[in-house]
There are 2 protein chains.
Amino acid sequence: MPINKTTISDVAKHARVSKSTVSQFINERFDYMREETRERIEKAIKELNYQPNNVARSLKLKSTATIGVVVANILHSFSTQVIRAIEDKLNENDFSTIICNADDEPAKEKKYIETLLGRQVDGLIVFPTSGNQGLYKSLEDSNFPIVFVDRYVSDLNVDTVLLDNEKAIHLAVEHLLNNGYKDIAILTTSLENAVVPRLERIQGYRSAMERFELPLREDYIKSLDLSVMKNGISKLFQLEKPPQAIVSGNDLSLMEFLKYVSEHNVKIGADVGLVTIDEIPYAGIHNPPLTTIAQPAFEIGEKAVELLLHKFDSNKHNQPKIYRFDPSIIVRKSSEKAGAKL
Amino acid sequence: MPINKTTISDVAKHARVSKSTVSQFINERFDYMREETRERIEKAIKELNYQPNNVARSLKLKSTATIGVVVANILHSFSTQVIRAIEDKLNENDFSTIICNADDEPAKEKKYIETLLGRQVDGLIVFPTSGNQGLYKSLEDSNFPIVFVDRYVSDLNVDTVLLDNEKAIHLAVEHLLNNGYKDIAILTTSLENAVVPRLERIQGYRSAMERFELPLREDYIKSLDLSVMKNGISKLFQLEKPPQAIVSGNDLSLMEFLKYVSEHNVKIGADVGLVTIDEIPYAGIHNPPLTTIAQPAFEIGEKAVELLLHKFDSNKHNQPKIYRFDPSIIVRKSSEKAGAKL
DNA sequence: CTGAAAGCGCTTACAG
DNA sequence: CTGAAAGCGCTTACAG
């Protein structure tokens, strides 16, 4: 029982013109339409409360004006922010968006991508899990419009938009050093699935140690599954020489760290400096406020849409590239030894 | 350039059967199909990497297996949680979801609903703004499947799922009283658009004052636009008799309150007790941890989907109702005078 | 300036 | 057990 079963034929009859002419009207091709005809059609549409059926239109035009977005894990606040930007930008361009959350499971991701293709989306923006090389490859081969976000997939030639992760870690380490913290550890979620940002952030940590001429201690690199992370943090602080500061690789590792700190009465800032990647919503109101390395989520989302829409534009087919965006640091109290006064 | 331009005709030719038979296969109607035919079709589908075009299917079947969700304001964490539940539940039932955010603007809401109808969604779940009575009414009249969430619309006969807001405030007030706070104020976002939960929460505050035999002070009721809220909070604390505790009506008012508190060095718990409606993600890691009144977001979303899907089921057309869900309190340190020790 | 006709890719009653 | 045909609601080249 749809709200409106009026079709273009009804309107045509009511206005005493042909379907073709009504279609011209709907698509605003008034070039050759008599004023009087136009008015009649307008009136008929109003009277019948007609609304065109977009499914029929899509079938004929072979375009749904819909983009599928498949996000590896929507729990990261960064993902949410990028998605908002993507939606806004797509909306501006009269595209609808269908969001799917793969929950970090390649099988789910695959199912979603196939469903979206079945629904004839015009393009895909994917935060890829790392488990569907074959599918990505076939999308690339068939020249289907696709853009990756947050993670690239090696051996693939697809437009990708992501953070300069190495720079992000260097920013964090440099800032902590400048604030008097020397022994710096990194904490991030599991590397099991070879997720690009995590890998690059660990790599960035290593190169930062070298660049700033600090000893590289493997026991300062904690890349753990969420379920065992608190335990790992515990071990970190039981080391003979516990770290003076922590770089948290993302919001999930941050959450675990904050829980640990709260339970063990550790004072962030005074006892241990903290910088975390990603500007989370509560960074400013946390006590003490958290120094973050912000990703330009809005720009990243916008760029992804831009790259995708570009593919629909005629023949200008650029060579796919990886686009790196610069992080920025938002300095608050958590990285200040005298900061946590509250 | 879709990934796969193979159609049912191609498969039919390849398998040397008719389109009808392929269609039977796709829809798993094997009743009268010879084993051998089935195998031939299966093979053809694999070889051609055929994927059915759902747009064509939808046109024929007059059903898109898609539900539109229009949320008044996605910035409320409660909305996000409910939406996740809705998506999960719909997914289980093989429906896709299209989410739209009305940004509290009735005009946007209207545009989205119309777009969704044009895209032939099978039903709508709406967190209604309060500005489209006419549209809601016409949806109701045309018997289009729709469920409201979080807010009801008066004079309308539509299934609605929402919190027992009065109970929520009573829980908060009672808890604060039990913990020794006497003068309790309520802080919430603007009532300008007559948004149901806010109205009911203010109303709940009034009835709580009566129930617990407390004097009702109008200057303890702060219902303000976000842009002037901090100022309003300031005024609250400059009163001759400032409140000892605050009930925050939602996560946005909470944010403003926490900012104020942080800037003015007020100690939550010791100086002013706090209970906030909605279980926000950082409640547990805030310093001090925040006592919240949780909405059963998951159940609310699930119920909304259930009610909607029920409408597709044959003839069992129940009379539309309002379903109220019970809040629960999650006690943490922000409502404890001796709590904020950290 | 407007209409008749074909076709987008499916599904489904019906005939055989 | 399988196929031919009609039709879902649009759009568009083409004819007039």
Side-chain angles (χ1 to χ4, degrees), chain A residues 1-42 44-45 48-66 115 117-122, chain B residues 1-42 44-45 48-66 115 117-122:
Chain A
M1 49 200 92
I3 186 177
N4 194 338
K5 32 191 279 161
T6 316
T7 75
I8 199 170
S9 300
D10 301 322
V11 177
K13 261 179 228 152
H14 198 88
R16 304 155 127 270
V17 296
S18 76
K19 291 192 295 171
S20 322
T21 309
V22 178
S23 180
Q24 306 281 20
F25 177 91
I26 293 165
N27 293 292
E28 298 182 330
R29 281 193 268 279
F30 300 128
D31 314 7
Y32 299 103
M33 201 177 293
R34 256 196 309 180
E35 175 78 17
E36 196 235 334
T37 313
R38 204 175 67 200
E39 280 166 4
R40 269 219 316 281
I41 297 176
E42 198 165 3
I45 288 178
L48 299 176
N49 189 23
Y50 168 68
Q51 176 152 36
N53 180 331
N54 254 310
V55 171
R57 183 164 209 271
S58 294
L59 177 59
K60 180 67 195 175
L61 295 186
K62 290 162 168 288
S63 155
T64 51
T66 303
T115 305
L117 293 175
R119 283 175 185 274
Q120 312 298 116
V121 294
D122 291 344
Chain B
M1 50 198 96
I3 186 178
N4 192 340
K5 30 192 279 160
T6 315
T7 75
I8 198 171
S9 300
D10 301 324
V11 177
K13 260 178 229 154
H14 199 88
R16 302 154 128 270
V17 296
S18 76
K19 289 192 295 170
S20 322
T21 309
V22 178
S23 180
Q24 308 282 21
F25 177 91
I26 292 166
N27 293 291
E28 297 181 333
R29 282 193 266 278
F30 300 128
D31 314 7
Y32 300 103
M33 203 177 291
R34 256 196 308 183
E35 175 77 17
E36 195 233 334
T37 313
R38 206 176 68 199
E39 279 167 5
R40 269 220 316 282
I41 297 176
E42 197 166 2
I45 287 179
L48 299 176
N49 189 24
Y50 168 68
Q51 175 151 37
N53 179 332
N54 255 311
V55 171
R57 182 161 210 272
S58 295
L59 176 60
K60 180 67 197 176
L61 295 186
K62 291 163 167 286
S63 155
T64 51
T66 303
T115 305
L117 293 174
R119 284 175 185 273
Q120 312 300 113
V121 294
D122 292 343

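A, B, ... follow the sequence lines: proteins, then strands. Residue 1 opens every chain. What you see is a predicted model, and the numbers here were worked out from it, not measured in a lab. What's counted below: heavy atoms across the whole structure, side chains too, no hydrogens, waters or symmetry copies.
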Q: Can you list the residues that meet the side chain to side chain donor-acceptor pair (under 3.5 Å) rule with Ser9(B), with sequence neighbours excluded?
A: none
Q: What is the distance, rounded to the nearest whole Å, between atom CZ of Arg119(A) and atom P of dG9(C)?
A: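 Answer to the nearest Å: 18 Å.
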Q: Any side-chain heavy-atom pair from Arg119(B) and Thr66(B) closer than 4.5 angstrom?
A: no
Q: Rounded to the nearest Å, what distance is computed from the CZ atom of residue Arg40(B) to the P atom of nucleotide dC1(D)?
A: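 Computing the Arg40(B):CZ to dC1(D):P distance gives 14 Å.
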Q: Please check if the side chain of Arg29(A) supplies one atom and the backbone of Gln24(A) the other of a donor-acceptor pair under 3.5 Å.
A: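 Side chain of Arg29(A) to backbone of Gln24(A): no pair is present.
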Q: Between protein and nucleotides 10-13 of chain C, what N or O pairs are separated by less than 3.5 Å?
A:
from, atom 1, to, atom 2, distance (Å)
dC10(C), OP1, Tyr50(B), OH, 2.8
dC10(C), OP1, Asn53(B), N, 3.2
dC10(C), OP2, Ile8(B), N, 2.7
dC10(C), O5', Tyr50(B), OH, 3.4
dC10(C), N4, Lys19(B), NZ, 3.0
dT11(C), OP1, Asn27(B), ND2, 3.2
dT11(C), OP1, Arg57(B), NE, 2.7
dT11(C), OP2, Ser23(B), OG, 2.5
dT12(C), OP2, Arg29(B), NH2, 2.4
dT12(C), O4, Ser20(B), OG, 3.3

Q: Give me the atom names and distance for the closest heavy-atom approach of Asp122(A) to Ser63(A).
A: OD2-OG, 2.9 Å
Q: Are Val11(A) and Phe25(A) close enough that some pair of their side-chain heavy atoms sits under 4.5 Å apart?
A: no
Q: Looking for any heavy atom pair under 4.0 Å, which part of the strands does Val55(B) touch: base, sugar-phosphate only, or nothing?
A: nothing
Q: Any side-chain heavy atom of Ser18(A) sitting closer than 4.5 Å to one from Thr21(A)?
A: yes
Q: Check Gln120(A) against Asn54(B) and note the closest heavy-atom contact, atom names and distance.
A: OE1-N, 4.2 Å
Q: If you look at every heavy atom in Val22(B) and Val17(B), which pair is closest and at what distance?
A: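 Taking Val22(B) first and Val17(B) second, the nearest heavy atoms are CG2-CG2, 3.7 Å.
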Q: Just N and O in the side chain of Lys5(A): are any of them under 4.0 Å from OP1 or OP2 of dC8(D)?
A: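 So the side-chain polar atoms of Lys5(A) never come under 4.0 Å of the phosphate oxygens OP1 or OP2 of dC8(D).
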Q: Rounded to whole Å, how long is the line connecting atom NZ of Lys13(B) with atom P of dG9(C)?
A: 11 Å
Q: In what stems does DNA chain C take part, counting only runs of at least 3 consecutive Watson-Crick or G-U pairs whose two distances fall under 3.5 Å?
A: C:1-3 with D:14-16, C:5-12 with D:5-12, C:14-16 with D:1-3
Q: Both Leu59(B) and Arg34(B) contact DNA chain D. Taking the nearest nucleotide for each, which residue is further toward the 5' end?
A: Arg34(B)
